[in-house]
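A note on names: the letters A, B, ... follow the listed sequences, proteins ahead of strands, and every chain is numbered from 1.
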Protein chains: 2
Amino acid sequence: MKHDFSTHHRMSVATDVVVLTTDNKPLSNNRKVAEKGLQLLLVKRDEEPYNGCWALPAGFVNYDEPLLECAKRKLREKVGLDDIYLEQLYSYGDDVNRDIRGRVISIGYIALAPKEKILLNSERAGKEAEWFWIESATSEWEPDRLSFIAVKDPSVRITSLAFDHRMIIADALNRIKNKIMYTDVGFHLVNELFTVKELQTVYELLLGREVQAFRRVLNDKIIETDQWTDGKAHRPARLFKQR
Amino acid sequence: MKHDFSTHHRMSVATDVVVLTTDNKPLSNNRKVAEKGLQLLLVKRDEEPYNGCWALPAGFVNYDEPLLECAKRKLREKVGLDDIYLEQLYSYGDDVNRDIRGRVISIGYIALAPKEKILLNSERAGKEAEWFWIESATSEWEPDRLSFIAVKDPSVRITSLAFDHRMIIADALNRIKNKIMYTDVGFHLVNELFTVKELQTVYELLLGREVQAFRRVLNDKIIETDQWTDGKAHRPARLFKQR
DNA sequence: TTTACTTAATTACAATATGTTATTAACTAT
DNA sequence: ATAGTTAATAACATATTGTAATTAAGTAAA
């Protein structure tokens with residue numbers, strides 16, 4: 001049986017982007033030290049299906065549009081983000097009913113950036129986009145155990161998302177976790193100039209454990225600059241950049 | 001601008017499978033010791049475009065067919081392979097003209113199996129399918145440098161393949177190479193019972209270098225059985241299985 | 001049936017890398 | 001000044017890895 005390249009095999013293709021960053025958790029009464037946390041960007045859907053549900057920034061790929069370009073466009077349109085690190089995650093299409101409207105293949109992407117870089121751009125747009133806290137996991141992230149806590153209002157804790165987006169998010173987190181020690185992916189979550197402590201915090205949040213002798217491990221991946229943190233209490237920390 | 005789930009955004013989706021295995025290279029005059037090599041399965045296309053060209057086993061996904069199911073079906077139909085390890089590799093759709101017939105997104109898969117397991121099944125079918133040698137690379141595999149040498153007739157060396165399949169193959173090889181030390185993926189390239197040397201050879205072919213103290217590294221991933229190789233010259237080797 | 005040869009498996013030791021704790025440095029707040 | 005806090009380095013113990021040497025178990029040939 002030969003394929004005649006007819007149209008009745010054609011289906012919709014979408015890109016879904018998991019945007020991750022880190023930020024300081026608000027100071028509470030019993031904590032004097034600023035604690036970092038992982039954040040995820042979600043948007044509120046304004047059409048069926050899952051109207052009103054929180055979801056990943058996503059949308060359909062145009063017929064003449066590269067996949068990566070579509071992911072970038074969706075971030076621009078829905079969140080006002082531009083010029084952010086993107087890598088392909090996985091393609092979702094084993095459940096043929098994952099979208100009630102018809103057959104949809106989703107190409108998952110991961111976007112990473114330090115919060116400072118994202119804030120600048122996202123001021124412009126991002127009406128229905130919000131940041132949510134993700135609790136650091138000691139072992140692997142599991143879709144069923146993920147919950148998302150609104151950064152603006154910590155009393156808002158959601159567990160249900162549109163489509164299979166919980167699975168995509170868990171996959172994204174586990175992918176980054178598994179890569180971080182063997183690749184340079186962690187640098188995308190800090191500024192161009194960073195302290196050792198800042199980078200270490202990123203690693204520890206993703207791994208869900210402490211990393212010992214971090215400076216020594218990173219020694220051949222970073223270059224020291226002659227700049228230092230200032231304005232903060234206690235001894236200043238040297239700023240580094242990626243080698 | 002809202003998406004109306006109309007049909008003019010729809011496109012074709014295909015799965016392309018990179019089937020890898022290892023086998024003994026033929027003994028030549030100046031080599032007394034059996035040398036192992038990496039092998040790749042290619043099929044000869046019998047329709048346009050690239051009619052007559054060697055290509056990866058691939059084909060279009062049916063509207064109601066899971067992606068993984070499609071990859072399995074293509075291996076069955078085109079090569080007669082069944083029940084083989086499959087993992088998703090990457091999705092190709094940044095070049096909108098990668099298929100002259102129209103917009104096609106390809107979901108790449110990697111299939112791994114020891115040659116013995118594949119031989120059994122592929123006897124039944126596989127008319128236009130052939131194995132090709134891949135030279136082990138010391139650093140990373142690059143699409144432009146890949147050439148494929150027919151196992152049946154080493155004088156046949158091809159460099160041009162259909163579509164962007166050279167890129168997909170290079171990606172597959174690099175993916176496995178980068179994973180092999182941190183995952184258990186290497187076990188899929190040996191039989192259920194294997195000697196330490198057999199497994200080590202798989203690692204060294206993929207890494208393009210020697211691996212020292214291999215037994216020690218693998219110590220907590222393997223279990224020794226009370227079976228031994230026989231029929232071969234010299235001291236028998238103990239057979240192990242994956243823990 | 002020795003002996004040479006080859007591969008398998010283990011052992012021993014050196015070199016390197018990592019885990020852990022202690023020490024020194026540099027700042028702020030009192 | 002002094003206490004308190006974070007940064008950075010140093011020092012040492014332990015674990016892991018690289019490398020070579022040794023022993024074991026078979027075949028093939030003298």
Side-chain angles (χ1 to χ4, degrees), chain A residues 22 24-25 27-36 138 180-183 186 190-191 193-205 207-241 243, chain B residues 22 24-25 27-36 138 180-183 186 190-191 193-205 207-241 243:
Chain A
T22 59
N24 290 312
K25 287 192 172 178
L27 294 174
S28 63
N29 302 4
N30 46 354
R31 276 191 300 105
K32 286 197 172 181
V33 188
E35 195 186 344
K36 284 269 181 179
T138 37
I180 196 159
M181 291 302 276
Y182 310 119
T183 70
V190 294
N191 292 316
L193 295 182
F194 52 86
T195 67
V196 171
K197 180 72 177 175
E198 283 168 357
L199 192 58
Q200 182 170 0
T201 301
V202 166
Y203 277 59
E204 292 182 341
L205 283 172
L207 292 170
R209 60 174 176 86
E210 291 188 347
V211 182
Q212 323 85 322
F214 187 71
R215 171 68 210 268
R216 195 164 49 189
V217 174
L218 264 284
N219 204 37
D220 52 349
K221 285 187 173 182
I222 61 181
I223 302 177
E224 64 176 36
T225 69
D226 52 0
Q227 292 184 268
W228 301 76
T229 57
D230 61 346
K232 310 203 171 177
H234 317 303
R235 176 176 172 176
R238 188 187 283 276
L239 292 170
F240 292 81
K241 58 181 180 180
R243 182 177 295 274
Chain B
T22 60
N24 290 312
K25 287 190 172 179
L27 294 173
S28 64
N29 304 1
N30 47 354
R31 276 192 298 104
K32 287 198 172 180
V33 188
E35 195 186 345
K36 285 270 181 177
T138 36
I180 195 159
M181 291 302 277
Y182 310 118
T183 70
V190 294
N191 292 316
L193 295 182
F194 52 85
T195 67
V196 171
K197 180 73 177 176
E198 283 168 357
L199 193 58
Q200 182 170 0
T201 300
V202 166
Y203 277 59
E204 292 182 341
L205 283 173
L207 292 170
R209 60 173 176 85
E210 290 187 346
V211 182
Q212 322 84 324
F214 187 70
R215 171 69 209 267
R216 195 162 51 190
V217 174
L218 265 285
N219 203 37
D220 52 349
K221 285 187 174 183
I222 61 181
I223 301 177
E224 63 177 36
T225 70
D226 52 1
Q227 292 185 267
W228 302 77
T229 56
D230 61 344
K232 309 201 171 178
H234 317 303
R235 176 175 172 176
R238 187 187 283 277
L239 292 171
F240 292 81
K241 59 181 180 179
R243 181 178 295 273

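The distance from atom CD of A:E198 to atom C1' of D:dT6 is 13 Å, rounded to the nearest whole Å. Atom CD in B:E210 sits roughly 18 Å away from atom P in D:dT17 (whole-Å rounding). As rounded to whole Å, 13 Å separates atom C1' of D:dA8 from atom NZ of A:K197. One interatomic measurement links the two molecules: CG of B:L199 to P of C:dA8, which rounds to 14 Å at whole-angstrom precision.
A search for salt bridge (charged side-chain N to carboxylate O under 4.0 Å, His left out) contacts involving B:E224 returns B:R238, not counting sequence neighbours. Residues forming a side chain to side chain donor-acceptor pair (under 3.5 Å) with B:Q200 (at least two apart in sequence, or on another chain): B:E204. B:R215 pairs by the side chain to side chain donor-acceptor pair (under 3.5 Å) definition with B:N219, not counting sequence neighbours. With sequence neighbours excluded, no residue satisfies side chain to side chain donor-acceptor pair (under 3.5 Å) with B:Q212. Scored by the salt bridge (charged side-chain N to carboxylate O under 4.0 Å, His left out) test, B:K221 finds B:D184 as partners (sequence neighbours excluded). For B:Y203, the ring-ring contact (aromatic ring centres under 6.0 Å, His included) partners two or more places apart in sequence, or in a different chain, are B:F214.
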Which side-chain N or O atoms in residues 227-237 of chain B pair as donor and acceptor under 3.5 Å with protein atoms at least two apart or in another chain?
unit_1, atom_1, unit_2, atom_2, d
B:T229, OG1, B:A237, N, 2.8
B:T229, OG1, B:A237, O, 3.4

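Contact check for B:E198 versus B:T195: side-chain heavy atoms found under the 4.5 Å cut-off.
Contacts between residues 211-221 of chain B and DNA chain C, counted as heavy-atom distances below 4.0 Å, involve B:R215, B:R216. The stretch residues 226-235 of chain B touches DNA chain C through B:W228, B:H234, B:R235, each having a heavy atom under 4.0 angstrom from the strand.
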